[in-house]
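Heads up, the thing below is written out as structure tokens.
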Amino acid sequence: MKDDFELIDQTLGGDSTAFGELVTRYQDRLYTAMVHVAGSRTEAEDVLQDAFVQAFLKLSSFQRSSAFYTWLYRIAFNLAVSRRRRRRPEISVDESRETGGKEPISNQLEASEQAERQEGVERIRQALAKLGEDHRIILTLRELEGCCYDSIAEILDLPVGTVRSRIHRARAQLRDILIEELREPTDI
Amino acid sequence: MTNDERIRELISAYLDYELSPDERAYVERQLARDSELRDYHRELMGVRQSLKSLPHYEAPPGAHSAIMERIAAATARPLANDSAERAGARSRRLRYVGWLVVAAAAAGLAVVLMPPTRQPEAPEIVEHQPSGAPVAPELANRPGTDPRGELRPDKVNDPDRLASNQPGENGGSARIATNSGGGSDSRMASVDRTPTHPGAAPASPPTSPQSPGGLVDAATIPFTAMVVDVVLTPRGIQEKMFDMALQRIDIPWKNAIQVDTRLERALLAQRAFGALGAQDLPFAPPEPAPNEDYFNLVFVVARGRQFDGLIQELYDRRAAGDVAAVQLDFAMGSSESALFVQMEKLAEQTPEVPASVVHAHPVVMAEEIRARLRDAFVSAHAKNGANDNGALPAEVLPPELGQDDSILPPADAESIRAMEELQFNVLFILRSESKARQGTSN
């Protein structure tokens, strides 16, 4: 299987199907990330498409000092942030419950277990959505994308030290939100 | 920033393995002496684990087509058939099947490690040692063993499945290596390991070897530990590539224990400790392929993000011709975190056992660990809806894995949390050339 740079070379040589392979390779991962960054699946889909198209059009400017996905992610991230800032701030919590995507939940779990798991996931989603944008984005990069600090620094154009402190503050804030939610009385 | 804020920030970075050795040591000292900091550490780990429980999604249907159409419109060029391209691209994909904490295995096996007294001829470890070797009382009459400590074969998997290296009922079991090796003699052999047949075409890394973050890393699939098969070429063996890689990445090299050839071949045939006691196998393990030299098993214990560095190293070395194949394998971690904690503590606390016991019982010990892992795996399978064959329903598997039956299922979120808590020790299963193979007949 060809590596990313080979596919990029082919694409730049005129073979756009090679780029199609890159799309296949990374679309799910990028989409997942953008769901959390953008806050909704609809928005994430738009960002996904825009990001790949933009990456294709700018491919000759990719300098290969980082992984292709890092570069792609940065494009997507910038698009998501700029789109989000242009539109009214609303978090589509209900949309996050759409079943359009495949989620790794077994259909053989007991219904109560599934519900409990879904509830837990939903709690985390909502807590994540309550974070400030910077914190949500950096946690997405770190925890969901598994990016190291250097990669995050590159994507967000931040010093590594800032990445480190921001991740900590984001985790601490999320921790506080989750603790607070556990303290809230439940509706009867 | 106050001192308290600073240490807390360091604890956060400590979770990510982003500290220098000095900083890491400092944090560990602070954690050891301050229970509040330990609580904080645990809370941050909980936050991380919570986030990792978030699902991953597939891109919406049609997204790929829409993207390519937009590109075509932008460039006013026709596109080739989309589905054909995807099919071709999948054909040689390296399947990394998941992640395992073989913390349990590694921890337990660490107990039976012996000093690097490598012997050129493979000792018959599965057989009874001379009378000087004591039999550990707890092992003397274990089910499945005879009083000498030899294992009797367990229920054997379907030979057809085994012949094709499909996972049998133990398909999710850990590949546990117990083998002796000194660093100077850890020769590796070249074998094609992907998909799983000897002589199969070597796997290619899915992305650029220049991009560690985008290679085979935890970001692609939501797991945190792995089992890795690494097969070195003769040149890699000669240059002690793996030893040097481990040293560079500061992964402690645990000497392995040499197993006899028959056991080795049984392990190869089953990809796990299925039925030990190769002389009783009802089938003949597959003959090595012409380019397949025979192996000793060795293993190392690695922690956390050392994985990333090692995997990158391996892929780089593959490009350089030192590594024949890297297969990321997977076995189910335990959903019972207490089990792994227990085994890790055992590894930390127990000094090396006497060589006689090691010689007599390493396989037995591994069997015990394997059984525990298998039980944990089975229970985790049940939780995730595995069928009787141990394979998970397709819809549970990450889409990258496709429908390859040789792929073992991924860990559930709970197991991942357990792995995170342990800062996962991981077992690498390697293969090396066995001098003992030469002249050994089956």
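Every chain is numbered from 1, with letters handed out A, B, ... down the list of sequences. None of these values were measured; they are calculated from a predicted model. What you see below is based on every heavy atom in this structure, not just the backbone, and it leaves out hydrogens, waters and symmetry mates.
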Atom of A:Val35, atom of B:Tyr57 and distance for their closest heavy-atom approach: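 Scanning both residues, the minimum pair turns out to be CG1-CE1, 3.8 Å.
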Among [options], who wins on heavy-atom pairs under 4.5 Å with chain B?
| options | result |
| --- | --- |
| A:Thr140, A:Leu57, A:Asp50 | A:Asp50 |
| A:Met34, A:His36, A:Glu6 | A:His36 |
| A:Leu128, A:Leu30, A:Thr32, A:Asp150 | A:Thr32 |

Distance check, rounded to the nearest 0.5 Å: [X] atom [atom1] versus [Y] atom [atom2]?
| X | Y | atom1 | atom2 | result |
| --- | --- | --- | --- | --- |
| B:Glu9 | A:Arg171 | CD | CZ | 11.0 Å |
| B:Glu43 | A:Leu178 | CD | CG | 10.5 Å |
| B:Glu18 | A:Cys148 | CD | SG | 6.0 Å |
| A:Glu143 | B:Leu15 | CD | CG | 8.5 Å |
| B:Glu5 | A:Arg169 | CD | CZ | 10.0 Å |

Could you check if a side-chain atom of B:Arg70 sits within less than 4.5 angstrom of a side-chain atom of A:Phe52, using non-hydrogen atoms only? no
Are there more than 12 heavy atoms of other residues, nucleotides or ligands under 6.0 Å from atom CZ of B:Arg6? no
Around atom CG of B:Asp39, are there more than 12 heavy atoms of other residues, nucleotides or ligands at under 6.0 Å? yes
Residues of residues 154-166 of chain A under 4.5 Å from chain B (heavy atom pairs)?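 If one takes a 4.5 Å heavy-atom cut-off, the residues of residues 154-166 of chain A near chain B are A:Arg164, A:Ser165.
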Is B:Ser50 reaching over with its side chain to a backbone N or O of A:Ile124, donor-acceptor style, under 3.5 angstrom? no
Flag, side chain of B:His64 to backbone of A:Gly20, donor-acceptor distance under 3.5 Å: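 Yes, B:His64 side chain to A:Gly20 backbone: donor-acceptor pair under 3.5 Å.
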Does any donor atom in the side chain of B:Asp16 or A:Tyr149 lie under 3.5 Å from an acceptor atom in the other side chain? yes
Using a 4.5 angstrom heavy-atom cutoff, name the option from B:Leu10, B:Val47, B:Leu44 with the most pairs to chain A.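 Most pairs with chain A among the choices: B:Val47.
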side-chain contact (heavy atoms from CB on, under 4.5 Å), that's the test. Do A:Leu174 and B:Leu51 meet it? Break it down for me. CA-CA 10 Å; A:Leu174 189 61; B:Leu51 289 170; 3.7 Å; yes
At a 4.5 Å cut-off on heavy atoms, which part of [X] comes close to chain B: side chain, backbone, both, or neither?
| X | value |
| --- | --- |
| A:Leu48 | both |
| A:Val23 | both |
| A:Leu22 | neither |

